[in-house]
Trainee: 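Dropping the structure in here first, questions after.
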Amino acid sequence: MFAASNASGDLHRERASGTLRRLMVAPLRNSDLLLGKWTFAMVNGMLQMAVLFGAGRLLFRMNLGPDPFALPLIALAASAMLASFYLPLALVTRDEKQLGQVGTGVILFLALVGGNFVPTETMPSFLQAIGRFTPNYWANTAFTEVIAYDRGLESVGTHLIVLWSITVVFLGLSLILYRRRGGKEGLL
């Protein structure tokens, strides 16, 4: 989550360093810059998860589930969701510092109620209900189904649909905000 938020902050860093001005003259369609940022954040998240799961398997003999496709598909959906989730924040904040402050608050709240710190089933019922509206809940329960309960892809279909739906909604919101700001030129 912090890496996805940080990757979204590239827009602010590139504006401050002058790199964004150079990107303006590149032969890119208006939305290519934003989609490139999203792709970078998604691939970065996938690589981080691959390293974590690989280390878990090698060092701790962590169960990666019975289905060789389940965990990679969940990781892809979770990475895509996180990459799209923080882009709107980068587009509505003034600078990297503000994005960091708002992003950290969002990250900690979602992690708290979404099951990153403690399993959601051990939380009070009102927090469990709130947790179901967080993307963390859907990613965490999908990973738990495969890793802890040794279930396959068929048990996480709903989770994948929800994660990809969140991705589409927030990526669409990002594109709308991006266009309202005036596209590439509006980022300056």
Side-chain angles (χ1 to χ4, degrees), residues 1-21 23 30-53 74-120 123 127-143 159-160 162-188:
M1 290 171 53
F2 283 106
S5 177
N6 192 37
S8 295
D10 278 351
L11 290 172
H12 295 299
R13 283 187 292 281
E14 288 176 349
R15 181 176 50 232
S17 71
T19 310
L20 196 55
R21 284 200 181 281
L23 288 172
N30 203 21
S31 59
D32 287 347
L33 178 66
L34 191 67
L35 293 174
K37 296 296 176 195
W38 174 75
T39 303
F40 166 75
M42 182 179 65
V43 170
N44 186 26
M46 283 292 299
L47 291 172
Q48 288 183 21
M49 283 195 227
V51 168
L52 289 172
F53 289 134
I74 298 167
L76 177 64
S79 295
M81 177 273 301
L82 287 171
S84 66
F85 192 80
Y86 291 101
L87 273 179
L89 282 178
L91 292 168
V92 298
T93 53
R94 287 186 314 272
D95 54 31
E96 187 178 3
K97 183 176 180 180
Q98 187 181 41
L99 173 64
Q101 292 169 341
V102 172
T104 299
V106 169
I107 288 167
L108 292 175
F109 175 76
L110 294 176
L112 178 66
V113 299
N116 289 72
F117 298 135
V118 295
T120 53
M123 295 179 187
L127 282 180
Q128 288 181 27
I130 293 170
R132 284 185 175 80
F133 289 99
T134 67
N136 301 49
Y137 170 84
W138 294 97
N140 287 331
T141 54
F143 285 129
H159 298 80
L160 292 172
V162 170
L163 290 171
W164 282 110
S165 297
I166 294 168
T167 300
V168 168
V169 166
F170 279 92
L171 192 55
L173 176 62
S174 298
L175 289 168
I176 290 168
L177 289 170
Y178 183 67
R179 286 189 182 119
R180 286 208 173 159
R181 283 187 69 155
K184 293 187 289 188
E185 294 79 19
L187 295 177
L188 295 175

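Start at 1 with the first residue, then count along the sequence.
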Trainee: Can you name the closest pair of heavy atoms from D10 and K37 and give their distance?
Mentor: CB-NZ, 3.9 Å
Trainee: Just how far is it from atom OH of Y178 to atom CG of L87, taken to the nearest 0.5 Å?
Mentor: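 Nearest 0.5 Å value for the OH-CG distance: 10.5 Å.
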Trainee: Mind listing the closest non-hydrogen atom pair of R94 and Q98 along with its distance?
Mentor: N-OE1, 2.6 Å
Trainee: Should the heavy atoms of other residues, nucleotides or ligands under 6.0 Å from CZ of R21 be counted, would the total exceed 12?
Mentor: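 No, because the 6.0 Å sphere around CZ of R21 holds 12 heavy atoms or fewer from other groups.
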Trainee: Rounded at 0.5 Å granularity, tell me how far CG in L47 sits from CE in M42.
Mentor: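 Output value for this atom pair is 10.5 Å.
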Trainee: I need the M49 CE to L76 CG distance, nearest 0.5 Å.
Mentor: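 Rounded to the nearest 0.5 Å, the CE-CG separation comes to 9.0 Å.
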Trainee: Would you say M81 and F170 make side-chain contact, with heavy atoms under 4.5 Å?
Mentor: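 Not in contact.
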Trainee: Ignoring hydrogens and angles, tell me if any N or O in the side chain of E14 forms a donor-acceptor pair with the backbone of T19 under 3.5 Å.
Mentor: no
Trainee: Compare every heavy atom of P135 with every heavy atom of F85, then report the nearest pair and how far apart it is.
Mentor: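 Looking at all heavy atoms of both residues, the closest pair is CE1-CG, 4.0 Å.
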Trainee: What's the spacing between F109 CZ and T134 OG1 if we round to 0.5 Å?
Mentor: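 Separation between the atoms: 8.0 Å.
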Trainee: May I ask you to decide if N136's main-chain N or O and N140's side chain share a donor-acceptor pair within less than 3.5 Å?
Mentor: yes
Trainee: Where is the tightest heavy-atom contact between T167 and A77, given as atom of each residue plus distance?
Mentor: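 Answer, listing the atom of T167 first, then A77: OG1-O, 4.0 Å.
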Trainee: Any chance you could measure I166, atom CD1, to S84, atom OG, to the nearest 0.5 Å?
Mentor: 8.5 Å
Trainee: Evaluate the side-chain proximity of F2 to T104: yes if any heavy-atom separation is below 4.5 Å, no if none is.
Mentor: yes
